[in-house]
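Along the sequence shown, the residues carry numbers beginning at 1. Bear in mind the structure is a predicted one, so any value in this text is a computation, not a measurement.
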Amino acid sequence: MANLPAEQLGSAPIGKLLVQQAVPASIGILVMSLNVLVDSIFVGNWIGSIAIAAINVVLPVSFFIGALGMAIGIGGSSIISRALGAENKAKAVKTFGNQITLTLLVTIAMVSLGLYFVDTLIPAFGGKGSIFAPAKIYYTIVLYGIPLLALNMMGSSVIRAEGKPKFAMIAMIVPSISNLFLDYLFINVLNWGMHGAAWATTISYLACCTYVTYFFLSKNSELRLTLKCFLLDLPIIKEIGSLGFVTLARQATTSVVYLLMNNILFNLGGEAMVAVYAIIGRMLMFALFPVFGVTQGFLPIAGYNYGAKHFIRVRESINTAIKYAAILATVVFLGLFIFPSEIASLFLSSKADLPASELAINSYVLEHIPTAMRWVFAASPIIALQLIGAAYFQAIGKAIPALLLTLTRQGFFFIPLILVLPGYFGELGVWISFAIADLMATIVTGLYLRREMKRTLLTDG
């Protein structure tokens with residue numbers, strides 16, 4: 001879990017490096033995911049299952065704007081990793097300054113648009129009926145903190161690119177702990193309801209931004225910014241944009257999926273069915289944290305060694321990352337397959353004085369969750385290949401294949417499937433679409449990655 005000088009990414013053993021990079025990333029993602037999970041448990045138990053559905057409606061919009069920071073962060077970090085590998089620190093520093101400026105300009109503009117169209121966006125994403133009012137409360141407050149979330153996502157990617165995974169892990173832990181503490185204070189103690197949940201989230205973004213700022217101003221960072229670094233440089237912006245667009249496209253597609261899913265499921269089963277998907281969505285964020293951690297840990301290793309033309313090490317990092325991630329994904333799959341009802345029950349209130357409508361929703365959720373959970377995660381053991389394969393092309397700066405492989409699962413396969421299969425199989429058609437899309441995307445990615453490795457990674461440059 002040590003923080004390494006960047007040059008060790010090109011010399012230390014790959015297995016050891018991947019563990020050192022992936023463990024902190026996994027812990028950070030775990031804590032962040034636990035934050036989302038426990039936050040949902042608190043909201044479900046202290047406010048109600050409709051409140052969980054309301055937050056699920058808001059997430060696509062807020063996460064899409066926040067993902068602008070992630071896109072700029074990952075796109076710029078690919079440049080930084082390769083620049084450090086090529087011993088071009090000046091370019092790395094200039095890239096980081098441009099990332100900060102670009103993140104602020106883009107996210108503030110998007111937040112302004114998001115607030116202006118609030119009454120249109122919430123119903124469009126499934127915030128209908130009794131879901132609309134709590135969703136609007138949460139959305140309006142959280143959106144003010146989204147530029148901070150974007151800066152946090154961008155900064156964490158740069159910290160990992162510097163070979164400092166421990167600090168990136170702490171940057172993910174700080175908002176999670178803050179949010180859970182504030183959730184308890186604002187919702188359970190002060191009884192602020194949805195206002196409390198929203199303010200807890202927004203203030204946690206501020207806490208994280210404070211820590212990230214501290215890191216880059218301290219001696220822990222190798223990137224020393226000057227004022228001229230913040231002036232936008234068109235070639236760097238183009239490179240950040242082309243690589244970052246991969247991440248942005250993935251998140252945009254995810255937002256479209258939420259929009260379609262919330263509306264399709266609302267038409268199939270009303271608010272109760274949206275609540276089922278809200279729980280599934282939380283598990284999609286949480287359960288695969290070790291796989292996402294390996295993917296995050298893999299990026300700077302592949303990028304640095306590709307920049308240094310150590311192609312044999314790049315090949316080894318791909319194979320090792322896929323192996324580690326596949327083992328972890330299989331363990332996750334077994335847990336979800338065996339205990340779906342027990343997991344779902346954590347999100348539902350067990351108070352004795354629940355109204356009849358709340359009891360009916362809870363009963364519906366427990367009845368429908370097992371089938372949904374098992375189908376949604378059915379292909380989990382094989383998705384490591386798809387995730388690592390797409391991440392590889394992003395790490396080495398090949399934007400087009402990275403974009404196409406990233407969009408393969410949700411854009412090319414999943415969205416068409418959920419538009420067609422529910423018409424034939426109803427609710428089941430929605431859930432089996434996940435497994436079919438995962439399988440097809442993994443096959444395509446595996447074939448493309450195998451061809452690329454044979455072409456470019458047989459000998460060092």
Side-chain angles (χ1 to χ4, degrees), residues 33 37 56 60 250-251 253-269 273-292 294-295 322-323 325-344 365-391 404-449:
S33 302
L37 193 70
N56 199 58
R250 179 172 60 242
Q251 188 57 44
T253 307
T254 299
S255 295
V256 172
V257 167
Y258 268 90
L259 184 153
L260 293 173
M261 287 287 288
N262 284 332
N263 282 282
I264 289 170
L265 292 173
F266 186 88
N267 292 333
L268 287 171
M273 185 63 78
V274 177
V276 171
Y277 181 52
I279 294 174
I280 294 290
R282 295 304 179 279
M283 295 312 300
L284 283 168
M285 293 180 186
F286 166 74
L288 295 173
F289 77 88
V291 182
F292 297 141
V294 172
T295 305
I322 290 174
K323 180 176 68 175
I327 292 170
L328 293 168
T330 301
V331 173
V332 169
F333 163 75
L334 292 173
L336 292 170
F337 189 86
I338 296 170
F339 302 110
S341 297
E342 290 80 1
I343 292 169
V365 168
L366 289 174
E367 179 184 350
H368 288 254
I369 273 284
T371 298
M373 187 93 71
R374 286 166 179 155
W375 274 113
V376 168
F377 289 95
S380 296
I382 65 170
I383 64 166
L385 176 58
Q386 204 273 327
L387 293 173
I388 299 297
L404 293 176
L405 292 177
T406 295
L407 294 179
T408 297
R409 177 187 173 271
Q410 290 191 320
F412 299 154
F413 295 133
F414 183 69
I415 289 177
L417 286 167
I418 60 169
L419 291 175
V420 173
L421 294 186
Y424 293 95
F425 303 104
E427 177 193 345
L428 180 62
V430 175
W431 308 130
I432 63 176
S433 297
F434 283 88
I436 296 172
D438 282 334
L439 176 61
M440 295 172 72
T442 299
I443 292 172
V444 171
T445 303
L447 292 173
Y448 196 88
L449 179 62

* Walk me through it: do I279 and I369 pass the test side-chain contact (heavy atoms from CB on, under 4.5 Å)? => CA-CA 9 Å; I279 294 174; I369 273 284; 4.1 Å; yes
* Asked: What's the spacing between L336 CG and I343 CD1 if we round to 0.5 Å?
  -> 4.5 Å
* Nearest heavy atoms of P290 and L328, plus distance in Å -> CB-CD1, 3.6 Å
* Determine, step by step, whether V430 and I264 satisfy the side-chain contact (heavy atoms from CB on, under 4.5 Å) criterion, reporting the C-alpha distance in whole Å, the side-chain angles of both residues, the deciding distance to 0.1 Å, and the verdict. => CA-CA 9 Å; V430 175; I264 289 170; 4.1 Å; yes
* Asked: Tell me, which pairs form a ring pair (Phe, Tyr, Trp, His ring centres under 6.0 Å) where one or both residues lie in residues 419-445, sequence neighbours left out?
  -> F414-F434
* Looking only at heavy atoms, which two atoms of A384 and I322 are closest? And how far apart? -> CB-O, 3.9 Å
* Structure fact -> Value for CE (M261) from CG (L268), rounded to nearest 0.5 Å, stands at 9.5 Å
* Asked: Which pair of non-hydrogen atoms, one from G389 and one from L449, has the smallest distance, and what is that distance?
  -> CA-CD2, 3.9 Å
* Structure fact -> Distance col, row L421:CG vs E427:CD, nearest 0.5 angstrom, shows 13.5 Å
* To do: Enter the distance from L334:CG to F377:CZ here, rounded to the nearest 0.5 Å.
  => 13.0 Å
* To do: Answer whether the closest heavy-atom distance between the side chains of V332 and V291 falls below 4.5 Å.
  => no
* Asked: Closest heavy-atom contact between A344 and L366?
  -> CB-CD2, 4.2 Å
* **Student check: side-chain heavy atoms of W375 and L428 closer than 4.5 Å** => yes
* Could you tell me the separation between the CG atom of N263 and the CD1 atom of I418, rounded to the nearest 0.5 Å? => 10.0 Å
* Heavy-atom closest contact (P381 atom, A329 atom, distance) -> CA-CB, 4.2 Å
* To do: Mind listing the closest non-hydrogen atom pair of L284 and F292 along with its distance?
  => O-CE1, 3.9 Å
* Qualifying side-chain hydrogen bond (donor to acceptor under 3.5 Å, both in side chains) pairs, either residue in residues 433-446, two or more places apart -> R409-D438
* **Trace of the side-chain contact (heavy atoms from CB on, under 4.5 Å) decision for Y277 with N262** => CA-CA 8 Å; Y277 181 52; N262 284 332; 3.6 Å; yes
* Please lay out, stage by stage, how F412 and L404 fare under the test side-chain contact (heavy atoms from CB on, under 4.5 Å). => CA-CA 9 Å; F412 299 154; L404 293 176; 4.2 Å; yes
* Kindly compute the distance separating OG1 (T253) from CG (L407), expressed to the nearest 0.5 Å. => 4.5 Å
